[in-house]
Amino acid sequence: MPELLEIETHRVAASAVLGRRIVEVHTPDSWYLKRGADAAAITGALLHQEVVDVGRHGKLLTLSVTGAAVLGLRFGMTGRLVVDGHAPIGRLEYSSGRFDDAWVRFSLSFAGGGSLTVFDQRRLGGVELDPDLSTLGPDASTLTVAQLREALGSSSASLKAVLLDQHRLAGLGNLLVDEALWRSRLDPTRPASSLDGGEQRRLASTIRSTVAELGRRGGSHTGDLQVARRPGALCPRCATPLQRRVVGTRTTWSCPLEQR
DNA sequence: ATTGTGGCCTGCCCGC
DNA sequence: TGCGGGCAGGCCACAA
């Protein structure tokens, strides 16, 4: 699903299971278990253990348990979390508002009641054991100029493709990148290495403020550009017709006049 | 190593 | 109403 903001919402909700002991591990969809993990390995690592930490790294949600195992949860585009029967995010763009039992891909039950369940109709997310966090770039919510400069590097790829690359910068998805570039007045197709020092500072600062503001508004879909993402849309600032292109394999909206 | 492409899955919406 | 095509906020394995 979701981008950093939605996963952060999930992290807060999942914190409710801190300190609880896992009494059942439900893996109805073996396809959902990634990186060589199977039901036996995951059950063996989690059963009878207590949850000691709930964390987020970019779009990855992690549950650490006693016995040192770490469970990594990825939500793809349509995965949603339900904690103790409550969904922190009821519906997503491009995802049904329903929670069909057939879409349960993974679930934990806890001593004394309560559960943590992943619903994912399209099965684009997944669950893994001991995820390698070293492959993820710095988290976009706390991005510094130095980190952005490092992420952009000398890359000839488009600015947008680099910002979407979780190995370079973790947490941004298609909507947040479009919003941040629009607010920064930068063209998504610019080579990543072409930004000068001033543009790098402006972009790093804008990424942080965009994440913070859209977080307060309620999610990645609440951006000013996002609400305009439809045929015939005009730039919310200057009323120029917005441009719709495919950049970095993703549908991209931008203002052809302001974003340079 | 870096960059770009295709594919994975399924449901929804639009136009005919 | 029914159907087909296009679309989707992610990510991985591959090819060049």
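Below, read A as the first sequence line, B as the second, and so on, with proteins coming before strands; counting in each chain starts at 1. Computed from a prediction, not measured in an experiment: that's the story for all the values here.
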For nucleotides 4-7 of chain C, which of its nitrogen or oxygen atoms have a protein nitrogen or oxygen under 3.5 Å away, and what is each distance?
none

Checklist entry - Got a sec, which pairs hit salt bridge (charged side-chain N to carboxylate O under 4.0 Å, His left out) with one end in residues 34-46 of chain A, sequence neighbours left out? => result Arg35(A)-Glu128(A)
Item to check | Residues in contact with DNA chain B, drawn from residues 127-135 of chain A - heavy-atom cutoff 4.0 Å | outcome: none
Checklist entry - Tell me the side chain to side chain donor-acceptor pair (under 3.5 Å) pairs involving residues 231-244 of chain A, sequence neighbours left out? => result Arg237(A)-Glu258(A)
Checklist entry - Taking a pair as Watson-Crick (N1 to N3 plus N6-O4 or O6-N4) or G-U wobble (N1-O2 and O6-N3), both under 3.5 Å, which stems of 3 or more consecutive pairs involve DNA chain B? => result B:2-8 with C:10-16, B:10-16 with C:2-8
Checklist entry - Transitive ILVMFWY cluster of Val246(A) at side-chain heavy atoms under 4.5 Å: who else is in it? => result none
Any protein N or O atoms within reach of nucleotides 2-4 of chain B? Criterion: under 3.5 Å, listing atom names and distances.
unit_1 : atom_1 : unit_2    : atom_2 : d
dT3(B) : OP1    : Ser155(A) : OG     : 2.7
dT3(B) : OP1    : Ser156(A) : N      : 2.8
dT3(B) : OP2    : Ser155(A) : OG     : 3.3
dT3(B) : OP2    : Arg168(A) : NH2    : 2.7

Checklist entry - Other than Leu257(A), which residues form its hydrophobic cluster under the rule that side-chain heavy atoms must be closer than 4.5 Å? => result none
Item to check | Non-neighbouring partners of Ser194(A) that pass side chain to side chain donor-acceptor pair (under 3.5 Å), sequence neighbours left out | outcome: Arg190(A)
Item to check | Whichever hydrophobic residues join Leu148(A) through chains of side-chain contacts under 4.5 Å | outcome: Leu4(A), Leu5(A), Leu143(A), Leu152(A), Leu159(A), Val162(A), Leu163(A), Leu164(A), Leu169(A), Leu172(A), Leu176(A), Val177(A), Leu181(A), Leu186(A), Leu195(A), Leu203(A), Ile207(A), Val211(A), Leu214(A)
Checklist entry - Who pairs with Phe119(A) by ring pair (Phe, Tyr, Trp, His ring centres under 6.0 Å), at least two apart in sequence or on another chain? => result Phe99(A)
Checklist entry - For Arg201(A), which residues count as a salt bridge (charged side-chain N to carboxylate O under 4.0 Å, His left out) partner, sequence neighbours excluded? => result none
